[in-house]
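Working notes for the structure below.
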Amino acid sequence: MRKTLVLTLLAAGSALMAGDPAKDLPKFQGGDLQKYWMDACARCHGVNGNGRDNSGKPLPDAGFDFTDSRKANKKKDSDWVKVTLEGKDKMPAFKDKMSADDAQKMIAIMRKFSAK
Ligand code: HEC
């Protein structure tokens, strides 16, 4: 009960400070997909894919820790492409922002986060 309240307040607080992370998502214009991760995905998933901001604080809308290799290795590339294009719950759909081909290429970036 108490924990839920604290979490709710935290979520509300960071939403107020950061704005809606799904707003103003840029379109992929070609070029560097790593840069596109920074521009379009890192606001929720973190620069390193671990769902944390630069100070190590968990981001409110991360949803998945790409550095958790045990979990990431169970995921299929095709599922990740699908979620990227079509979205899922709080994960926005990117089908208007990037091609299926680019979404497929983006998988390599997400796989690198857990490759250690
Ligand atoms: C507004 C926040 C937000 C942004 C921006 C965002 N994501 Fe997500 N993403 C999420 C959330 C939340 C989930 C978890 C969805 C669920 O399973 O309920 C998720 C899940 C995913 C998954 C599935 C992980 C799994 O196996 O469960 C992939 C792949 C993914 N995101 C890729 C991307 C890529 C690539 C980008 C940038 C092009 C991106 N995301 C941008 C919030 C975001």
Side-chain angles (χ1 to χ4, degrees):
M1 177 68 181
R2 191 174 182 153
K3 197 170 173 203
T4 315
L5 181 66
V6 171
L7 286 177
T8 310
L9 288 175
L10 274 177
S14 32
L16 278 178
M17 280 186 298
D20 180 355
K23 252 188 98 176
D24 304 324
L25 285 166
K27 236 178 153 148
F28 181 57
Q29 309 280 7
D32 190 354
L33 279 168
Q34 186 70 52
K35 182 175 181 303
Y36 189 60
W37 175 272
M38 300 298 216
D39 295 342
C41 320
R43 63 182 79 187
C44 291
H45 291 297
V47 168
N48 303 311
N50 60 0
R52 290 173 181 273
D53 69 14
N54 290 335
S55 63
K57 245 179 41 194
L59 291 160
D61 292 321
F64 187 76
D65 179 0
F66 288 97
T67 65
D68 185 338
S69 51
R70 209 172 47 86
K71 282 195 189 142
N73 289 343
K74 288 192 195 137
K75 304 285 182 158
K76 283 193 272 178
D77 287 2
S78 55
D79 290 338
W80 277 2
V81 169
K82 190 164 181 256
V83 174
T84 303
L85 293 172
E86 289 167 25
K88 188 181 171 197
D89 300 325
K90 281 186 146 181
M91 164 74 195
F94 278 87
K95 59 174 181 289
D96 300 334
K97 314 234 181 266
M98 70 196 310
S99 69
D101 205 36
D102 292 328
Q104 177 64 48
K105 288 187 190 141
M106 199 107 201
I107 302 295
I109 292 170
M110 294 182 260
R111 292 287 174 206
K112 248 194 265 165
F113 292 135
S114 68
K116 280 197 199 96

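All residue numbers refer to positions in the sequence shown, counting from 1. Counting convention: from 1, in listed order, for ligands and their atoms alike.
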Subject >> Geometric N/O contact D61 with ligand 1, under 3.5 angstrom >> reply: no
Subject >> Nitrogen or oxygen of K90 less than 3.5 angstrom from that of ligand 1 >> reply: no
Original post:
Short list, please: which atoms of ligand 1 are under 4.0 Å from a heavy atom of M110?
Top reply: 29 (C), 32 (C), 35 (C)
Subject >> Heavy-atom nearest neighbour in the protein, as seen from atom 36 (C) of ligand 1, with distance rounded to 0.1 Å >> reply: C41 SG, 2.8 Å
Original post:
Would you call the rings of F113 and F66 parallel, tilted or perpendicular if under 30° counts as parallel and over 60° as perpendicular?
Top reply: tilted
**OP:** Decide whether an N or O pair under 3.5 Å exists between W80 and ligand 1.
**Re:** yes
Subject >> Atoms of ligand 1, numbered as shown, that sit under 4.0 Å from any heavy atom of F94 >> reply: 36 (C), 37 (C), 38 (C), 39 (C), 41 (C)
Original post:
Got more than 12 heavy atoms from elsewhere within 6.0 Å of CG, N54?
Top reply: no
**OP:** Check whether any N, O or S atom of T84 sits under 2.8 Å from atom 8 (Fe) of ligand 1.
**Re:** no
Subject >> Option set H45, M106, M38, criterion heavy-atom distance to atom 20 (C) of ligand 1, minimum >> reply: H45
Original post:
So between F64, W37, F66, whose heavy atom ends up nearest atom 30 (C) of ligand 1?
Top reply: F66
Original post:
So is A62 close enough to ligand 1, meaning a heavy atom under 4.0 angstrom away?
Top reply: yes
Subject >> L59 with L25, same ILVMFWY side-chain cluster at under 4.5 Å >> reply: no
